[in-house]
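Shown next, in structure tokens, is the structure this report addresses.
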2 protein chains.
Amino acid sequence: MSELLWGKPSLPSRGPKPAVTLAGIAEAGIRIADAEGLDAVSMQRIAGELPVTKMALYRYVPGKTELIAVMSDLAMGAPPDRPDLPWREALHAWAMDLYDGFTRHPWLLLSTVGRRLLGPNELAWIERGLAALTGTGLTGGEQMDSILVVTSHVRNIAQQSTTFPGHTTGLTEEDMQESLTQILTTEAARFPHLTTALRTAAGSENQGLEFGLQRILDGLELLISGRKASTSPH
Amino acid sequence: MSELLWGKPSLPSRGPKPAVTLAGIAEAGIRIADAEGLDAVSMQRIAGELPVTKMALYRYVPGKTELIAVMSDLAMGAPPDRPDLPWREALHAWAMDLYDGFTRHPWLLLSTVGRRLLGPNELAWIERGLAALTGTGLTGGEQMDSILVVTSHVRNIAQQSTTFPGHTTGLTEEDMQESLTQILTTEAARFPHLTTALRTAAGSENQGLEFGLQRILDGLELLISGRKASTSPH
DNA sequence: AGTAATTGTGTCTGCCGGACACAGTAATGT
DNA sequence: ACATTACTGTGTCCGGCAGACACAATTACT
């Protein structure tokens, strides 16, 4: 089922030498996705960057879906090594590393939605996130839910602050701001809280990542310290 | 720019009567997306449900992107009315309403990613979320960031727990679980924390929404009460 | 009646993912 | 040496997609 993501490259000895490799195909796809967005990644386009034709790719990959999965796991990469830290600092650093990854490959935000098969790198990220939370007294389920909520936050902040090459309607942040202020000038009465919130929010851009992260970590800390206080003196 | 989303239906008086309406087109699209997923929504397919051909739709909509935007804002709907509540209960109820919306129309999770033009309903949701936070002492930027982190959490939980009709590779939750446990039996050594976390997490499914939400609300409460304590006695 | 504005249709292009038959190539068995 | 077998790459074809464009049909205003 997930041989492509997990399997070792088996080399059969009959037949002609393969002209490309699965990793090479995935890297070509990553290059295209990085430069022109996920929508620019087509079998034709990938083949155009390699010494093969479109159909040859299907010798290495059962379909585009699986190729995107391989690309995603490869682009995500392994989580960077971090020294041992207290859980809060560790989780914070982990979240920042994750944010870096999504910033480097914005299309990962699109290709890793919904249910999918997990590759080794994605699992390694989860593993490292969990590692930060061992010894906190949280149950396994709580640990999973904790890194999930951190991941959600990081993802959506990245989604909001990145400019996707291609794909979307090419809206810049300024376009959105302009459209929004224009709407609010004509419809201010319908959105009073939004109007005042935006007025008092001037200049506080791009604080969303740290703000939400600190709230989440605060909430976790409350749970963890409460848990410790009720169990350890017993 | 966003006349489609915001404009009143202007009726010109020359020419033949329109056979359909923008709202009718969007509703047809919503019906298809609900039943068969976002990928099943094509101009052909929509026209097939209406007494017009594909190309007639372009008289009402400049392109598919804009049509999806109209569909999304319409499907999202206006946030339900809620009685006045303390901010924490209000925000909790708001998050649950949002979750309901995403559950009713899972494709909204796909169609409302990245930068896009905001429609009246989407703005109304933001407005209502902000309303819950007025009087908490948070700045406008902090209020925005707060509802953003709540939204992120709700979105990603919904994304994880919904079954998309069509679109994805048709993986069920069981498929993922099975694939994961199979991987972990052969690669347990590489993922020790994940292995133990999953072992102690048995039976605690679908707690993610409440867990994360309570952590976030706890974190916000800490900030709000701290803010109040430092300003009001002064 | 004539003109202008507006709506619906049919045709066409270029792209996409993918099925399939077929030709070429390299190692193996005899 | 030679046939067999396993494997790789190619060309052709299909159905479906978004959308451009020319054209016919319909309605209201002058």
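Chain A is the first sequence line, chain B the second, and so forth, proteins listed ahead of strands; every chain is numbered from 1.
- We find that NZ of A/K64 is positioned 15 Å from P of C/dA19, with the value rounded to whole Å.
- Per the geometry, CZ belonging to B/R59 stands 15 Å off P belonging to D/dA25, to the nearest Å.
- In this entry the distance linking CG of B/L22 with C1' of C/dT7 reads 15 Å, nearest Å.
- The separation between B/M55 atom CE and C/dC12 atom C1' is 11 Å, rounded to whole Å.
- Here D/dC21 presents its P atom at 13 Å from OH of B/Y58, a figure rounded to the nearest Å.
- B/S152 and A/S152 are not linked by any side-chain donor-acceptor pair at a separation below 3.5 angstrom, with hydrogens and angles left out of the test.
- Between A/T112 and A/S72, the side chains place no donor N or O within less than 3.5 Å of an acceptor N or O (distance only, hydrogens not considered).
- Looking at heavy-atom distances under 4.0 Å, A/M43 makes contact with sugar-phosphate atoms alone, never a base.
- Where B/T53 and A/A40 each meet DNA chain C at their nearest nucleotide, the meeting point lying more 5' is that of B/T53.
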Nucleotide N/O of nucleotides 24-30 of chain C paired with protein N/O under 3.5 Å:
| unit_1 | atom_1 | unit_2 | atom_2 | d |
| --- | --- | --- | --- | --- |
| C/dA27 | OP1 | A/K17 | NZ | 3.1 |

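- Spacing between atom CZ of A/R45 and atom P of C/dC16 amounts to 9 Å, rounded to whole angstrom units.
- Salt-bridge formation is not detected for the pair A/R190/B/E127: no Lys NZ or Arg NE/NH1/NH2 atom is positioned less than 4.0 Å from an Asp or Glu carboxylate oxygen.
- For B/R215 and B/F211, the positive end sits near the middle of the six-membered ring, less than 6.0 Å away and at most 45° from its axis.
- Taking both residues in full, the closest heavy atoms of A/T162 and B/R115 are given as O-NH2, 3.1 Å, listed atom of the first, atom of the second, then distance.
- Evaluation of atom-type donor-acceptor distances gives a pair under 3.5 Å for the side chain of B/K54 against the base of D/dG19.
- Between C/dC20, D/dC17, C/dT11, one nucleotide has an atom nearer to the side chain of B/S42 than all others, and that is D/dC17.
- One atom, CG of A/D39, and another, C1' of C/dC15, lie 12 Å apart when rounded to the nearest Å.
- The interatomic distance linking A/E66 (CD) with C/dG17 (P) rounds to 13 Å, in whole Å.
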Go through A/R45 and A/D39 one step at a time and tell me if the salt bridge (charged side-chain N to carboxylate O under 4.0 Å, His left out) criterion holds. CA-CA 11 Å; A/R45 189 81 176 63; A/D39 283 9; over 6 Å; no
